[in-house]
Amino acid sequence: MPELPEVETVRQGLEPLTIGRTIAQVSVKHPRALRRNAGSTAAFKKSLTGKKIQKVSRRGKYLWFEFDDSHLLLVAHLGLSGQFRPTAKNVRHERLRINFADDLPGLSFCDQRTFGALYLDEWAATTPVPSSISHIALDPFDSAFELDPVIERTRTKQVPIKAALLDQTLISGVGNIYADESLWRSKIHPLTRASALSRPRLRELFQNVNDVMSEALGSGGTTFDGLYVSVNGESGAFSQRLDAYGRGGQACRRCGKKMVREKFANRSSVRCPKCQPVPKSMPRRRAS
DNA sequence: CCTGCCGCCTGCGCGC
DNA sequence: TGCGCGCAGGCGGCAG
C-alpha cells in the first residue's frame with residue numbers, strides 16, 4: 001500500500017518526468033478517477049490543457065502538481081493501488097492519461113482498485129497546501145514538523161494508539177504497514193489507549209515511526225502484493241525487512257514467539273504476543 | 001468536538 | 001476444473 005515512503009518515492013520519480021512539460025491533452029479513461037473533482041470532466045481537461053508543470057509537492061499521502069498558472073493545483077491520492085507510469089502499451093488499469101506538448105511518452109494514472117483520485121483544487125487560505133487537504137497534519141518528513149505538539153495532542157486521545165497513528169489529522173503519512181512496524185519496534189500493543197502512554201514512550205514510538213519510514217524510503221518503499229511500484233516500475237525492497245506487517249503466524253524476529261494476526265477497525269493487525277502484551281488500560285472495544 | 005463504523009472497488013487465493 | 005467467497009485497506013461521510 002502506498003504510505004508516506006511510497007508516495008515520496010513516487011513524487012521524486014515524477015519530478016524529472018513532469019517538471020517543465022506542458023500539458024497538451026488529458027484523457028479520462030475511467031470516471032471514478034475524478035470522483036473528488038468538483039467540476040465537470042470537460043472543465044477538468046480544459047483547465048489543465050496548455051499548463052506547464054512547475055513543481056510536484058506532497059503532504060502525507062497526498063501529492064499535488066503546481067503550474068505556471070499559480071491558482072491551479074492538481075491533487076492526486078494513490079488510494080490503495082494508484083500508480084503513475086510513463087504511458088506505454090502494456091500499462092494495465094489505466095484510468096487517466098496526460099499527454100504533453102513534446103514527443104516523449106505521456107503520463108498514465110493506473111489504479112486497479114480505483115480508490116485513488118485526481119482532482120483540481122486551489123490553495124488553502126491559511127496553509128501552503130491545497131484547500132482539500134488543509135485538515136491533513138504535517139508528516140514527519142516535513143521541515144516544519146514538530147514532535148512535542150504531536151505528543152501532547154496524542155495524550156488527549158482516548159482511542160487505541162494504533163488509531164492515533166492512523167489519524168491523518170494528528171500525524172500524516174502513516175498507514176497500516178508502518179503503524180504495525182513502529183508499534184512492534186516500540187513493544188506497544190496496538191490497542192493501548194493513546195492517553196495511557198507516557199511522554200517518553202510516545203517520543204520513542206514517534207522516533208520509530210520516523211526511523212522505519214526513513215529506512216523504507218531509502219529502500220524505495222514497500223511492495224507487498226505487487227500493487228505498489230515506483231514511477232519507473234520498480235518494486236520497493238523494504239517488504240523483505242518488515243518485522244510485523246504480513247508476518248502473522250511467523251516467528252517474532254526479536255523473541256521467536258509466533259506473531260498473531262488480529263482484526264482492528266476492519267483491517268488486519270499483526271503483533272508479537274510476548275513483546276507487545278495486552279496492556280492494563282484498554283479502550284472499551286472488542287479485542288477480538 | 002470526539003469517536004466509531006460503513007461503503008466504495010478489484011484481483012487473488014483458498015476451499016469445496 | 002471452476003466457481004464463489006473472503007480478504008486487502010485509505011478516507012470521507014455520517015451517526016451517536
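Residue numbers start from 1 in every chain, and the chains themselves are labelled A, B, ... in the order their sequence lines are given, proteins ahead of strands. Small disclaimer: the values here were computed from a predicted structure and weren't measured.
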Open item on the list: Strictly distance-based, threshold 3.5 Å: is any side-chain N or O of A:Ser182 a donor or acceptor partner for the main-chain N or O of A:Tyr178?
Closed with: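 Indeed, once roles are kept as given, a pair shorter than 3.5 Å links the two residues.
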TODO: For the pair A:Glu66 (side chain) and A:Ile53 (backbone), establish whether a donor and an acceptor sit closer than 3.5 Å, ignoring hydrogens and angles.
DONE: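 No; zero donor-acceptor contacts below 3.5 Å.
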Open item on the list: So A:Arg35, base contact, sugar-phosphate only, or nothing? Heavy-atom distance under 4.0 Å.
Closed with: nothing
Just the rounded figure in Å: distance from [atom2] of [N] to [atom1] of [X].
{"X": "A:His30", "N": "B:dC9", "atom1": "NE2", "atom2": "C1'", "answer": "9 Å"}
{"X": "A:Asn266", "N": "C:dG6", "atom1": "CG", "atom2": "P", "answer": "14 Å"}
{"X": "A:Lys162", "N": "B:dT3", "atom1": "NZ", "atom2": "P", "answer": "18 Å"}
{"X": "A:Gln168", "N": "C:dG12", "atom1": "CD", "atom2": "C1'", "answer": "12 Å"}
{"X": "A:Glu262", "N": "C:dA8", "atom1": "CD", "atom2": "P", "answer": "13 Å"}
{"X": "A:Glu6", "N": "C:dG9", "atom1": "CD", "atom2": "P", "answer": "13 Å"}
{"X": "A:Glu94", "N": "B:dT10", "atom1": "CD", "atom2": "P", "answer": "16 Å"}
{"X": "A:Arg193", "N": "B:dG4", "atom1": "CZ", "atom2": "P", "answer": "9 Å"}

Per [X] side chain, nearest of listed nucleotides [options]:
{"X": "A:Tyr62", "options": "C:dA8, B:dT10, C:dC11", "result": "C:dC11"}
{"X": "A:His135", "options": "C:dA8, C:dC11, C:dG12", "result": "C:dG12"}
{"X": "A:His93", "options": "B:dG11, B:dC9, C:dG9", "result": "B:dG11"}
{"X": "A:Glu3", "options": "C:dA8, C:dG12, C:dG10", "result": "C:dG10"}
{"X": "A:Lys61", "options": "B:dT3, C:dG9, C:dC11", "result": "C:dC11"}
{"X": "A:Arg261", "options": "B:dT3, C:dG9, C:dC7", "result": "C:dC7"}
{"X": "A:Lys157", "options": "C:dG10, B:dC6, B:dT3", "result": "B:dT3"}
{"X": "A:Gln112", "options": "C:dA8, B:dG11, C:dG10", "result": "B:dG11"}

[X] side chain to [Y] side chain, donor-acceptor N/O pair below 3.5 angstrom:
{"X": "A:Asp121", "Y": "A:Ser131", "value": "yes"}
{"X": "A:Asp211", "Y": "A:Gln207", "value": "yes"}
{"X": "A:Gln112", "Y": "A:Arg92", "value": "no"}
{"X": "A:Tyr62", "Y": "A:Ser132", "value": "no"}

Phosphate OP1/OP2 of [N] contacted by [X] side-chain N/O (<4.0 Å):
{"X": "A:Arg113", "N": "B:dC8", "value": "no"}
{"X": "A:Arg32", "N": "B:dC8", "value": "no"}
{"X": "A:Tyr245", "N": "C:dA8", "value": "no"}
{"X": "A:Ser268", "N": "C:dG9", "value": "yes"}

Task: CZ-CD distance between A:Arg241 and A:Glu181, expressed to the nearest 0.5 angstrom - done: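 Reported value, rounded in 0.5 Å steps: 10.5 Å.
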- [ ] Runs of at least three consecutive Watson-Crick or G-U pairs, both distances under 3.5 Å, are what I'm after; which ones involve DNA chain B?
- [x]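 Paired runs of 3+ in DNA chain B: B:2-16 with C:2-16.
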- [ ] Would you please classify the geometry between the A:Trp64 ring and the A:Trp123 ring as parallel, tilted or perpendicular, with 30° and 60° separating the classes?
- [x]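 The arrangement is perpendicular - the two ring planes meet at more than 60°.
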Open item on the list: Using the six-membered base ring of C:dG9, report whether A:Phe115 stacks on it, requiring centroids under 5.5 Å and planes under 30° apart.
Closed with: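 Given the distance and angle limits, yes, they stack.
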